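By convention in this document, chain letters (A, B, ...) are assigned in the order of the sequence lines, proteins followed by strands, and residues within each chain are numbered from 1. Small disclaimer: the values here were computed from a predicted structure and weren't measured.
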Amino acid sequence: MFIIEKIKTIYRSRLLISNLVSRELKARYRGSVLGFLWTFLNPLLLMLVYTLAFGIILKPRYPIPELKTALDYSLFLFTGLLPWIWFSSSIIEAGNVLSIHGALIKKVLFPVEVLPIMTVTANFINFLLGLPILILFFIILGHPLTWYVFFSIPVMIIQFFFTLGLAFFVAALTVHFKDVQNLIANLLTLWFFGTPIIYPFNFEPILKSKIIKTALLLNPFTHIVEGYQYSFFFGSLPHWKKLSVTFIVSLLFFLAGYYFFDRVKDTFAEEV
Amino acid sequence: MKEIAISLRNIVKAYRKYSSKHRFNTLKSAFIDGTIFRDFKPEEVFMAVNNVSLDIEKGKTVGIIGENGSGKSTLLKIIAGIIRPNRGTVITKGRISALIELGAGFHPEISGRENIFINGIILGLTKKEIKEKYDEIVRFAELEDFIEQPVKTYSSGMFMRLGFSVAINVNPDILLVDEVLAVGDASFVPKCIDKINEFKRSGKTIVFVSHDLETVARITDEAIWMKKGQIVMRGYPRQVVDAYLQDISEKEESKHKEEKKEESVPVDNKRWGDKSVEIISVKIKDLTGKEKFIYSPEDGMIVELEVKANEEKDDFGFGIGILNGEGHVVYGTNTFLENLMGKKLKKGLHKVVFKISKLNLINGFYFIDVASHSKDGTPYDYHHLLHKFRVDSNKRDVGVYRMNHQWNFDDGIEFRKY
């Protein structure tokens, strides 16, 4: 059985994965003065930029009760940005990861699937390291946090599978078609604005337009991001029905991605 | 019946070439029709390994030789499991370590120590095993003072030493070595060879791909010669190496003949003189009288000049010079220097033969200059760098020419022959 066999492969490679992930994280900021601080600074600076642009310069035309002030808005933004950074960095890096580690594929007997797994996991850990900052901001700005925060854990699992599935596709396709990388970079920008990160899902123009609303509902990342927004920002139960469907979709995505990757991986050693 | 460590059956590996147009079509149709698997079809196929079957006994050291592109490295990667063959089966017994590219997977930004751990894990060691071998790895690589530095600061020699040291300490049952020793510095290579010999003594199986035929002949039990993806010959290393060299020589000779045909028009700055005594042709032959291009240092040589005197002469002589690839004259002489005074040269065609009983030259290309000239040195016809031959020796001695020599030792000095 494909699934059982693959779970075994991943289990056998656990030491390899954990070491590659820690190397990836160590090497990322090695040589820079601030070093590991960048893990925290990067999302923080990004949040400031978006707060300035969309919270202050382009004030929302349709104010939402929960997002009255720029500070509220920045918190809301940060809640959605952190998981998005995990997602988008993973996908972009997945496009490079096979060619960067081409020597391993070509010259060493090596389970290639470890590489996309490494990328997604390394970015996941980066995301986890960003969470204390998020919580710190909630406390500083006096925004209440509830026990619903723990509902973000299943959301993370869903996101992990979804991201990994897509990472497998992107990694395998980029080996054969370099164009995929450019395509993905632009697609991700569209995807970012098509996900309720800088605006809430119940933003008036969205609710008004049926097409936009449907498109947003079909976007799995909408439900993932909403999961975080509910459990952190709004302090309420995430929409578990939508999330369950998203979970199933993510799992299917993961299996399809892994299967595709597995089918074409024998060609990597020649093409990388 | 001996135990078999590596067993290959009917291995076929074809490499595919895609054109960029094909690539675009593939991408397009892959998305439109969803035929992505079927469309990974090549336009041109290159057979890197073509139906190779091979059994290697446990404990044997086997060398694979062959020209570039003969498929030997591909075969090694197939044994290692890095490349999956299109057809055929590979069965190997025991842990394999492949020294195909040293330091593959080293990360430049992190330290040598961290890289040893991660590389060890990549090569299949557990953390505990690496800890146990860590000191040995560092000591063998001679990197005690640099091990905490990022690998990007290492010299290429240091990088290679570390890579070799990690790979060799995996303690494999089967060791695959691909040409990696070619890049090492002079002091490290013997150390690597020592280590490989140590493996050999402890009964491990070694497969060794190399262009260094001397090393192959010296350290292997058996050699395999591959040509165009197939095994041409297998057997006692010296024999296989000799057969391979012979094949290369023949190939180069025919290539040389073709080149000669092309450059038949004499170039001015390579030939001068008034041509009153013209050298029409120069033939380089072995002692049996066969025209040849490649010689061994032990061979003799005949340089045959066809001379056409356009007028009768009494002031004439012939000269010859042998120059090595750097343009230094290895030897030069002429009839005057050998106390032969021209008396009479009849008008018409003549033959002049210069015989060398033994070349005594080292490896390399050589040129022959020939001339007909007067007593005061005025050339009638001078051929400069127009005629070429090659000496192919399996010895690696150095210098300008190979002196006749022998070593003598008293009874207190013993050598191991290899």
Side chain, backbone, both or neither of A/Ile100 within contact of chain B (heavy atoms, under 4.5 Å) | neither
If you measure from CG on A/Leu16 to CD1 on B/Ile122, what distance do you get to the nearest 0.5 Å?
-> 6.0 Å
Carboxylate-amine/guanidinium contact A/Arg23 B/Glu114, below 4.0 Å = no
side-chain contact (heavy atoms from CB on, under 4.5 Å) between A/Asn19 and B/Lys127: does it pass, once the steps are laid out?
-> CA-CA 10 Å; A/Asn19 274 279; B/Lys127 230 171 185 154; 3.6 Å; yes
Quick check: are there more than 12 heavy atoms from other residues, nucleotides or ligands sitting under 6.0 Å from CH2 of A/Trp191?
-> yes
Selection from B/Ile96, B/Ile83, B/Ile121 maximising heavy-atom pairs under 4.5 Å formed with chain A | B/Ile121
Exercise: identify the closest heavy-atom pair between B/Ile118 and A/Leu20 | CD1-N, 3.5 Å
How far apart are the closest heavy atoms of A/Val108 and B/Leu123, and which atoms are they?
-> CG1-CD2, 3.9 Å
Whatever's closer than 4.5 Å to a heavy atom in chain A on B/Lys152 counts as neither
Residue A/Tyr11 excluded, over 12 heavy atoms near OH under 6.0 Å | no
Tell me, yes or no, whether the heavy-atom count around B/Lys195 atom NZ, taken from other residues, nucleotides or ligands under 6.0 Å, exceeds 12.
-> yes
Let me know if A/Asp266 has heavy atoms under 4.5 Å from chain B in its side chain, its backbone, both or neither.
-> side chain
Most heavy-atom pairs under 4.5 angstrom with chain B, which of A/Arg28, A/His101, A/Lys26?
-> A/Lys26
What heavy-atom pair brings A/Leu15 and B/Thr126 nearest, and what distance separates the two atoms?
-> CD2-CA, 4.4 Å
